[in-house]
Number of protein chains: 2
Amino acid sequence: MTEPDPVLRLLWRHRVPAVADAGARRGPRPKVTLDDVVDAAIELADRDGLAALSMRGLAQHLHLGAMTLYTYVANRGDLVVLMVDQVLGRTTLPGHPADLRERLEQVARLQYEECRAHPWLLEVTGVRAWLGPHVADRYEWQLAAVEGIGLDDVEMDQAVTLLVSFGTGVARAEQAVRAAERESGMTDAEWWEANHEALAEVMAGHDYPLAGRVGTAAGEAYQAASDQRRELDFGLGRIVDGLLAHLASRQPGRG
Amino acid sequence: MTEPDPVLRLLWRHRVPAVADAGARRGPRPKVTLDDVVDAAIELADRDGLAALSMRGLAQHLHLGAMTLYTYVANRGDLVVLMVDQVLGRTTLPGHPADLRERLEQVARLQYEECRAHPWLLEVTGVRAWLGPHVADRYEWQLAAVEGIGLDDVEMDQAVTLLVSFGTGVARAEQAVRAAERESGMTDAEWWEANHEALAEVMAGHDYPLAGRVGTAAGEAYQAASDQRRELDFGLGRIVDGLLAHLASRQPGRG
DNA sequence: TAACTTCTTCGTACGTCGTACGGAATAAAT
DNA sequence: ATTTATTCCGTACGACGTACGAAGAAGTTA
């Protein structure tokens with residue numbers, strides 16, 4: 001058996017009294033708080049993405065030497081863990097509507113909006129679930145949306161996962177477009193303008209009847225960036241239909 | 001207007017005759033082919049993940065100097081683009097079953113299996129869609145599964161996106177667990193063994209009735225790694241139910 | 001007051017990464 | 001034989017995360 005992960009104490013620092021009131025401590029007064037560090041990291045990640053968040057850059061933003069950050073956080077991975085929990089804590093969780101459809105949709109839409117507001121959440125990988133207080137709060141809130149509607153425990157988890165992963169997926173597709181634009185420095189339209197000629201030449205003799213027709217239609221429909229939500233609406237409609245039908249098949253007369 | 005992206009010619013190299021038959025060329029005979037380079041990169045990414053794939057490591061694997069790779073590929077990003085298209089080309093696309101439900105499910109399951117076989121696909125970001133021949137083939141194949149079932153063009157794209165992003169999402173959740181295990185060097189069970197005590201201490205006084213109950217149930221159910229597919233089955237069942245219901249509401253009597 | 005302890009701050013340095021640059025080697029074209 | 005196009009690759013630069021240890025600040029103790 002190994003030692004427990006020290007990041008746990010940091011994650012729960014605001015809810016564990018013994019950690020919160022540090023009392024009189026030796027050494028120089030810290031220039032900033034851990035909250036400041038994590039907030040600044042979130043700010044930079046919001047602006048430039050998680051990959052562009054460097055320890056040096058963060059330190060400079062806080063007017064600190066690079067290595068000073070390591071008094072607050074053991075390593076970059078732990079910083080990301082703290083960022084995730086802290087940013088989840090910012091959104092106040094709305095109450096669950098009485099209408100079941102609205103309740104289920106809200107779970108997915110909240111996830112979608114949060115990933116839109118903080119796209120770097122989509123870049124986070126390798127993080128053990130169930131770590132921080134706000135992550136736990138969030139899971140509890142999500143489960144409350146599907147509590148008492150006729151699902152067993154495993155199905156509750158599956159339903160939440162389905163809704164959450166769909167909201168995340170739509171946000172990810174949207175973010176992929178923006179990431180490609182940022183990386184190449186040109187919008188989709190500009191890329192097409194610059195490449196459609198070469199693409200036509202290179203694809204000469206290869207037909208994609210469906211992809212050509214549908215891709216064009218979808219491309220035009222999604223021209224207005226705000227219309228990305230149509231995909232969210234469509235998929236969410238189908239998913240919730242499916243979930244409600246599943247419940248109805250269990251205990252007819254409800255829902 | 002800027003120049004067309006040179007990676008297009010590389011992507012379509014096997015389908016454009018003028019590119020394929022290089023003819024007599026000057027200079028030393030290349031030690032390897034571009035296909036060799038990309039195949040080796042796929043092999044390394046399969047083993048260690050995309051983040052661990054370095055140009056130096058790949059070059060060493062091919063018994064080349066590090067900078068030699070740049071005669072085959074302009075930069076690492078282009079290499080990843082080529083990897084994606086090339087790995088998609090490896091899976092032979094099955095025919096579409098007559099049964100509509102099976103047809104829809106197959107789209108999602110193929111995506112899931114492919115992401116399981118090549119988890120680094122989940123790490124790929126910022127890639128412009130619609131680039132390579134195999135990506136185009138794939139999109140065409142996916143659309144064929146939903147062609148002629150009563151959806152308009154935009155809905156066809158939405159339905160495919162829904163199925164594909166669900167398959168990807170389940171694979172991603174699965175991969176997240178494996179990534180956390182690899183990164184921390186301990187399995188979920190080992191992590192729990194080492195941390196449940198500290199976690200209980202730090203969470204003292206905070207109740208998560210639903211999360212505790214459901215998380216435990218889900219954790220036990222998913223103990224056997226193969227049971228991750230239960231989530232795929234559940235979600236896919238609901239999604240396809242919803243899609244079929246949507247079609248039925250359009251033109252009753254079909255399905 | 002002086003010594004000790006503990007804590008924060010941070011400069012230096014190492015090994016990694018992608019890749020810009022330029023030169024050497026090679027083979028076809030002239 | 002010379003020119004030209006191409007492959008190969010050693011060196012080097014600026015980023016990255018972070019190990020290490022010194023310098024200094026503030027509380028504790030003698």
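Quick note on labels: first sequence line is chain A, next is B, and so on, each numbered from 1. Bear in mind that the values here come from a model prediction, so they are computed numbers and not experimental data.
An OP1 or OP2 oxygen of D/dC9 is reached within less than 4.0 angstrom by no side-chain nitrogen or oxygen of B/Y70. Listed pair A/T68 / C/dC10 meets the phosphate criterion, a side-chain N or O lying under 4.0 Å from OP1 or OP2. Using a 4.0 Å cut-off, some side-chain N or O of A/R76 falls inside it from OP1 or OP2 of D/dG17. Between B/R25 and D/dT7 there is a side-chain N or O to OP1 or OP2 distance below 4.0 Å. In this model, the phosphate group of C/dA28 is approached by a side-chain N or O of B/R29 to a distance below 4.0 Å at OP1 or OP2.
Under 3.5 Å, the side chains of B/S54 and B/R76 contain no donor-acceptor pair of N or O atoms. Inspection of the B/Y70 and B/D78 side chains reveals no N or O donor paired with an N or O acceptor under 3.5 Å. Using a 3.5 Å distance cut-off with no hydrogens or angles, the side chains of A/Y208 and B/D137 do pair a donor with an acceptor.
Taking the six-membered ring for Trp and thresholds of 30 and 60 degrees, A/H196 and A/W192 have nearly parallel ring planes, at less than 30 degrees apart.
Contact annotation for B/T71: base contact, defined as any heavy-atom pair under 4.0 Å involving a base atom.
If A/R56 and A/L69 are placed on DNA chain C by their nearest nucleotide, the residue sitting closer to the 5' end is A/L69. Heavy-atom nearest nucleotides on DNA chain D were determined for A/N75 and for B/G65, and the one closer to the 5' end corresponds to B/G65. Residues A/R26 and B/A52 both approach DNA chain C. Their nearest nucleotides, taken by heavy-atom distance, put A/R26 toward the 5′ side.
For the pair A/Q60 CD and C/dC10 P, the computed distance is 13 Å after rounding to whole Å. Remark: P of C/dA20 and CE of B/M55 are 10 Å apart, rounded to the nearest angstrom. Following rounding to the nearest Å, B/Y72 (OH) and C/dG18 (C1') show an atom-to-atom distance of 19 Å. In this entry the distance linking CE of B/M67 with P of C/dA24 reads 17 Å, nearest Å. Regarding B/L50, its CG atom lies at a distance of 14 Å from the P atom of C/dC17, rounded to whole Å. Taking atom CG of residue A/L58 and atom C1' of nucleotide C/dT9, one finds them 15 Å apart after rounding to whole Å. As a whole-Å value, the separation of B/L34 CG from D/dT7 P is 11 Å.
Between B/R13 and B/D85 no salt bridge is recorded (no basic side-chain N to carboxylate O distance below 4.0 Å).
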